[in-house]
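A short write-up of the structure that comes next.
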Amino acid sequence: MLTIRSFDTKAGDLFADGELPGFVHLYVGEEAVGVGACSALEENDYITSTHRGHGHCIAKGLDPNVMMAELYGKAGGYCNGKGGSMHIADVDAGMLGANGIVGAGPPLATGAALTSVLKGEDTVALAFFGDGAVAQGQVHEAINIAATWNLPAIFVVENNQYGEATPVEKQHNVQNLSETAEAYNIPGFTVDGMDITAVYEAVKEARKRAANGEGPTFIEAETYRYHGHFEGDQQPYRTKEDVDIWKDRDAIETFKGRLVEAGVITEDEFDEMKAEIDQQIDDAVVEAKEAPYPDPSEAYEDMYSATVPEISQFSSQMRADGGEDR
Amino acid sequence: MSTETSSGSGPAQTEEMTFREAIRLALREEMERDEDVFMMGEDVGKFGGVFEVTGDLVEDFGETRVRDTPISEAGFMGAAVGAAATGTRPVVEIMFADFIGVCSEQIINQMAKNRYMFGGKTEMPVTIRTTEGGGMGAASQHSGTLHTWFAHFPGVLAVAPGSPASAKGLLKSAIRSNDPVIVFENKMIYEQKGEVPLDEDFTIPIGQASVEREGEDVTVVATQRMVGESLELAEQLDGQTSVEVIDLQSLYPLDTDTLVESVKKTGRLVIADESPLSYGTHAEVATRVMENAFFSLDAPVQRVGVADVHIPFSPALEQEVLPDGSDVEAAINRIV
Ligand SMILES: Cc1ncc(C[n+]2csc(CCOP(=O)(O)OP(=O)(O)O)c2C)c(N)n1
Ligand SMILES: [Mg+2]
């Protein structure tokens, strides 16, 4: 949780300084959901993510240094600079991709869960998606297929109370999003997404069901994003006080309090750990800054596994004399 | 700052404004003119649109006519088709053209086909506004230029304005049309300024190109952002090469006559459009000219666009693949 908090806080600062191109959506405040859920998974399990994916990546074990390089658009980033913040993926690590299309992840998770059944594996696929995404038709389709086919899938809604600027009650007619599980005849739970233990327990149970061939579970985690929808969002739709109510229940602080109380860790040890992590993220930034950009010619690579004459033909024409781009 | 200019039939008031403001003005005028016109899309209401195009319209027309939707493109596109078939004139905003695949079923199989399938017994006055183009580091899923798909697909009309005036004139025609029209707005030129007619009845007919600058040596047919790029280049080349610049404006139907007339004069043609080069808008323009003015051509037709790749994220890569004035210049140099 600390690594995510540190990484995304830094990413926000870098964006504000004009260091990072493109769109950046931060996970600050929602850490307990990603970490609680991924801690309950096995290493070979799959996750799908969203546009707000940094936290899922880190929770699934991706390397913050390589992620930071990607945020900078540098060679050596997870996508070699072709994806950026919204498209970080590492299929080998079970991370099927952050996703720029709201609601596009759950169908992928359903597919990964189908693979598990077809190949007789014991892996489970978990989809993270937002409260806004619950309104997407393809999310409904994905859950319905997984439920009907009894696939080992887990659907985790991160209800951070908004889809962009629109509050959840203006997007949905149900009180709790987990009620929608009834429509698929699968178990549905609403848990406190600011409590890592609650998320962990719920996903652990869901994973057990999935692995036992009892099909998917729908989990709604109630949480909150401390930052705007994207960096630069002026947030006219809420007040500082609204945000503070949730900050008072901060997941990291709560969990730390418990660990200290139980004698697992001391305040000093916590501070030391946090300083170490902050240093690691600072180092990641230095490394990413120093890394080279991909060679411009790489823009024409990776489209197909076969060689396509059009691309080389057109690109050499576009790159020919006088076609110098800056 | 309003100015009086004389054009053809009489004095016409114009005002300098941005591309974004021109679109908002068209929306406002058409909403005022016809109660059946309403808008829907994601955060188009109080938030004013992600690209701030709809702005304060909700204050003037209320939440009923300027509707925030859930993030359900397929759902609200379908609702627009049903609403249009039963007597309203919806204007739908699809935040990024890249998302259009999410609701393409409703566009391709319902909106575009209903009138034909029903034997002409229904009208389909839907306007879709959507944004295209790279240049802001938004990566492949938020930067595409897809208009050729819809210029190609029977049953929809497609326009792609290159100036604030054409943005206003084309959008108004789109909203007044009884056929579905998709308006493709390049997101990098929302801040571009130009003189825009204030006349509430100013429209630009769909299917009409506009000669933005006259020239003798070469015709550049451009769309969207490439219109401005080409005009700037033409200015720079003034004295060396005389460049005629045409804003294509309408992708389908295509104004073949204006193109042919120009090439008959200049004998040379460059087509500049930000879509991928294969099977594209470029090919259609070239073919129209070759079919109609083959013996006037003094050199091979040149295409400027994106080399069949997606728009990458890194600035180093993005700038590489996006066409600009220098690419138009290189194309001109190949044939003049
Ligand atoms: C299909 C689609 N529609 C719209 C968008 C623009 N968009 C990006 S994030 C977002 C809000 C998503 O809300 P939610 O699912 O609750 O996720 P959160 O941002 O709150 O994490 C929207 C509308 C998109 N990327 N994809
Ligand atoms: Mg949300």
Side-chain angles (χ1 to χ4, degrees), chain A residues 20-23 70 72-75 77 79-87 99-104 130 132-133 135-138 163-166 170-172 236-237 293-303 308 310-326, chain B residues 42-43 45-48 50 63 68-76 78 95-96 98-99 101-103 105 136-143 276-279 302-324 326-334:
Chain A
L20 300 180
F23 302 147
E70 190 57 39
Y72 269 89
K74 294 299 182 72
C79 315
N80 248 324
K82 285 204 179 81
S85 165
M86 265 192 298
H87 306 297
N99 208 309
I101 303 296
V102 168
Q136 275 283 344
Q138 57 176 331
E164 282 191 359
T166 306
K170 283 208 164 183
Q171 302 209 39
H172 301 286
Y237 47 86
Y293 276 114
D295 189 278
S297 66
E298 287 186 32
Y300 305 107
E301 287 170 15
D302 300 336
M303 283 295 285
V308 173
E310 278 86 349
I311 296 178
S312 42
Q313 187 192 322
F314 286 139
S315 62
S316 46
Q317 191 174 77
M318 296 294 295
R319 289 166 69 82
D321 57 287
E324 198 55 44
D325 288 276
R326 281 159 303 273
Chain B
E42 291 158 16
D43 288 317
K46 223 168 165 195
F47 197 61
V50 160
E63 290 185 5
D68 281 333
T69 62
I71 310 156
S72 301
E73 286 81 0
F76 66 77
M95 201 184 287
F96 292 83
D98 310 74
F99 304 165
V102 171
C103 55
E105 149 62 21
M136 58 185 295
S140 302
Q141 292 178 341
H142 292 76
S143 303
L277 286 160
S278 279
Y279 289 91
Q302 300 295 311
R303 294 185 280 176
V304 174
V306 173
D308 292 9
V309 295
H310 300 302
I311 308 301
F313 163 70
S314 172
L317 303 178
E318 185 180 41
Q319 286 314 307
E320 165 63 31
V321 304
L322 288 179
D324 61 17
S326 67
D327 296 309
V328 178
E329 186 174 13
I332 291 174
N333 287 339
R334 290 199 289 269

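The sequence lines fix the lettering, A, B, ..., with proteins before strands; numbering per chain opens at 1. Owing to the predicted nature of the structure, the values given are computational and were not obtained by experimental measurement.
- When side chains are defined from C-beta on, B:Val50 counts as touching A:Glu164, because their heavy atoms get closer than 4.5 Å.
- Looking at every heavy atom in both residues, B:Ser314 comes nearest to A:Pro294 through OG-CD, 4.1 Å.
- The aromatic rings of A:His87 and B:His142 lie tilted to each other, with the angle between the two planes from 30° to 60°.
- Side-chain contact between A:Phe314 and B:Ser278: present, with at least one pair of heavy atoms (C-beta onward) separated by less than 4.5 Å.
- At a 4.5 Å heavy-atom cutoff, the contact between A:Tyr300 and chain B is made by backbone and side-chain atoms alike.
- In terms of the side-chain contact (heavy atoms from CB on, under 4.5 Å) criterion, residue partners of A:Lys170 (sequence neighbours excluded) are, by chain and number, A:Thr166, A:Pro167, B:Glu63.
- Heavy atoms closer than 4.5 Å to chain B are found in the side chain of A:Pro236, but not in its backbone.
- The two residues A:Ile311 and B:Val309 make their nearest non-hydrogen contact at CG2-CG1, 4.1 Å.
- Scanning for side-chain contact (heavy atoms from CB on, under 4.5 Å) contacts around B:Ser140 gives B:His310, with sequence neighbours left out.
- Nearest approach of B:Val321 to A:Ala299, heavy atoms of both residues: CG1-CB, 3.6 Å.
- Chain A forms more heavy-atom pairs under 4.5 Å with one residue of B:Ser143, B:Pro276, B:Ser72 than with any other, namely B:Ser72.
- With respect to chain A, the highest number of heavy-atom pairs below 4.5 Å among B:Glu42, B:Glu73, B:Glu318 belongs to B:Glu73.
- At least one side-chain heavy atom of B:Glu320 sits less than 4.5 Å from a side-chain heavy atom of A:Arg319.
- Only the side chain of B:Val102 comes within contact range of chain A, with at least one heavy atom under 4.5 Å from a heavy atom of that chain.
- Both the backbone and the side chain of A:Asn99 come within contact range of chain B, with heavy atoms under 4.5 Å apart.
- Counting heavy atoms from C-beta outward, B:Leu277 and A:Glu310 have side chains that stay 4.5 Å or more apart.
- When heavy atoms are compared at a cutoff of 4.5 Å, B:Ala74 does not approach chain A at all.
- When every heavy atom of B:Phe313 is checked against every heavy atom of A:Tyr72, the shortest pair comes out as CE2-C, 4.3 Å.
- Residues A:Asn80 and B:Leu317 approach most closely at O-CD1, 4.4 Å, considering heavy atoms.
- Contact detail for B:Ile71 and A:Gln171: the closest heavy-atom pair is N-OE1, 3.8 Å.
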